[in-house]
Visitor: 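So that we are looking at the same thing, I have put the structure below in structure tokens.
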Amino acid sequence: MTFAAKGFETKYGNNIAVDVLNGFTDYVLITQPEPWALVQNSVINKPREIVLAGELSPEYLNNLANSMPKTTIVGLGGGSAMDTAKWIHWRRDLPLFQIPSLPSVDACFTRMSALRDKGGVRYEGDSVPEMVYVDFELFRSAPRPMVTSGIGDVLSCHTAWFDWKFAAANGQDEFGWTEEMPNVSLTYLEELYLCAPGINEMTDDGLRRLMELLRDIGWRCHEFKHARFEEGSEHFFAYAFEEVTGRTILHGELVTMGTLLMSYFQGNDYERVKDIVLRAGTRHTLEELKISEKELIDSVRQLASYTREQKHWYSHAMFLDLKNVDDNKILELINF
Ligand SMILES: [Zn+2]
């Protein structure tokens, strides 16, 4: 059975971004330097104003929204461009169109904006674009890891549902677990496995299928009103890594690393995760990711206490017992 996604209206194609931009009567463009540089020379119909996205504090975004003319808002770029455009649309009720330039995040398919507030991330808003335009050529112009890391927030479903089941089995489920729930995640993972080589080679088919997965996940987050099916121990590892090291790396790669580690510690088909990562060509070794052995080991060893302290959802990460696991074993899970 082919995978059929639900979610925002979406059009796919090659080199469609320029035509889309030239087709608006009047618009403000929310973008970033790299994607704009790619299309700038071919866009005859220049935007009335160009806003470079980056700052995501609510104060900044509210001021920006208030200063916008009454016109169409177009987002072109990665997560911050999508999130900024969504916020303006939501605050001002202006028509919104999104042109993602990377498949590394699902921001173009989710309703809320990820705000940076008081040192943390907070999700707010409710935006639905008129259309999401996915231009494969934009993706192919991006650095390769920005594309192959796109599997992270789909792969995370592998460990997330396992945690959810674990929580339900221990009377700690707040989200209405049913025995049907794994089917959702397993369907995503099967489709990801199948399209992974196409992601690796950045074919139209591979990229479209990855985006369709992200589209459906975005839709389901809204439908379920939670992200329990795609967020668990692997994301908690990512947050612990950021806390322990005081820095971050590409979200999709960090979550991929978390899924590899936690699938093993959950006793949940680590080999399958490894297979998908290899098929998609996603970077995962410490050398590729420029992470030191100490950063990885410290993050894993502090995960259980960190996730309890942060009161994350009940998960395997909370009970991670590493007394009999030596550092080499942890390294082996990543360095293959
Ligand atoms: Zn994520």
Side-chain angles (χ1 to χ4, degrees), residues 5 7-8 56 77-83 86 98 100 102-117 120-125 142 145-164 175 184-185 188-189 191-192 196 199 210-245 247-263 266 273 276-277 280 282-284 289 291 299 303 306-307 310 312-313 315-317 334:
F8 296 162
L56 290 167
S80 59
M82 303 288 105
D83 282 337
K86 282 194 286 192
Q98 299 277 42
L102 302 168
S104 60
V105 283
D106 61 358
C108 61
F109 294 129
T110 55
R111 292 184 174 223
M112 292 191 273
S113 293
L115 308 176
R116 301 298 182 281
D117 198 12
V121 180
R122 175 160 71 80
Y123 293 88
E124 202 182 323
M146 297 286 209
V147 176
T148 53
S149 64
I151 69 165
D153 278 335
V154 184
L155 195 62
S156 63
C157 295
H158 181 95
T159 32
W161 80 262
F162 218 73
D163 282 326
W164 191 5
F175 298 104
V184 169
S185 301
Y188 290 152
L189 290 157
E191 172 66 2
L192 185 65
I199 298 169
L210 173 60
M211 291 305 277
E212 286 289 271
L213 282 165
L214 294 173
R215 185 162 80 97
D216 202 77
I217 289 172
W219 167 81
R220 195 174 300 278
C221 281
H222 180 72
E223 191 72 7
F224 277 9
K225 305 276 179 268
H226 66 81
R228 190 58 149 131
F229 66 99
E230 64 122 357
E231 182 162 346
S233 290
E234 73 303 316
H235 272 82
F236 306 152
F237 165 79
Y239 306 144
F241 175 91
E242 288 169 350
E243 172 68 19
V244 168
T245 64
R247 69 188 187 100
T248 193
I249 59 169
L250 266 183
H251 180 74
E253 291 178 338
L254 188 51
V255 170
T256 295
M257 180 181 263
T259 312
L260 283 163
L261 293 163
M262 290 311 302
S263 63
Q266 287 176 334
V273 179
I276 296 176
V277 171
T282 307
R283 297 191 302 184
H284 56 279
L289 301 176
I291 294 175
S299 304
L303 175 56
Y306 177 72
T307 196
Q310 292 295 310
H312 288 143
W313 294 326
S315 74
H316 284 273
I334 299 301

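Atoms within a ligand are numbered from 1 in the order they appear, just like the ligands themselves. No hydrogens, no waters, no symmetry mates; every other heavy atom, side chains included, goes into these values.
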Visitor: What is the name of the N/O/S atom in Asp153 that sits closest to the Zn ion (ligand 1)?
Guide: OD1
Visitor: Is it the case that the side chains of Ser149 and Glu253 hold a donor-acceptor pair, with the cut-off being a distance below 3.5 Å and no angle test?
Guide: no
Visitor: Using only atom types and a distance under 3.5 Å, with no angle test, would you say the side chain of Thr282 pairs donor to acceptor with the backbone of Thr148?
Guide: yes
Visitor: Has Glu231 got an N, O or S atom lying less than 2.8 Å from the Zn ion (ligand 1)?
Guide: no
Visitor: Between Asp163 and Ser233, is there a donor-acceptor pair closer than 3.5 Å when you use the side chain of the first and the backbone of the second?
Guide: yes
Visitor: Do Trp164 and His226 have ring centroids that are under 6.0 Å from one another?
Guide: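 That pair passes the under 6.0 Å test.
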Visitor: About how large, to 10 degrees, is the angle NE2 of His251, then the Zn ion (ligand 1), then NE2 of His235?
Guide: 100°
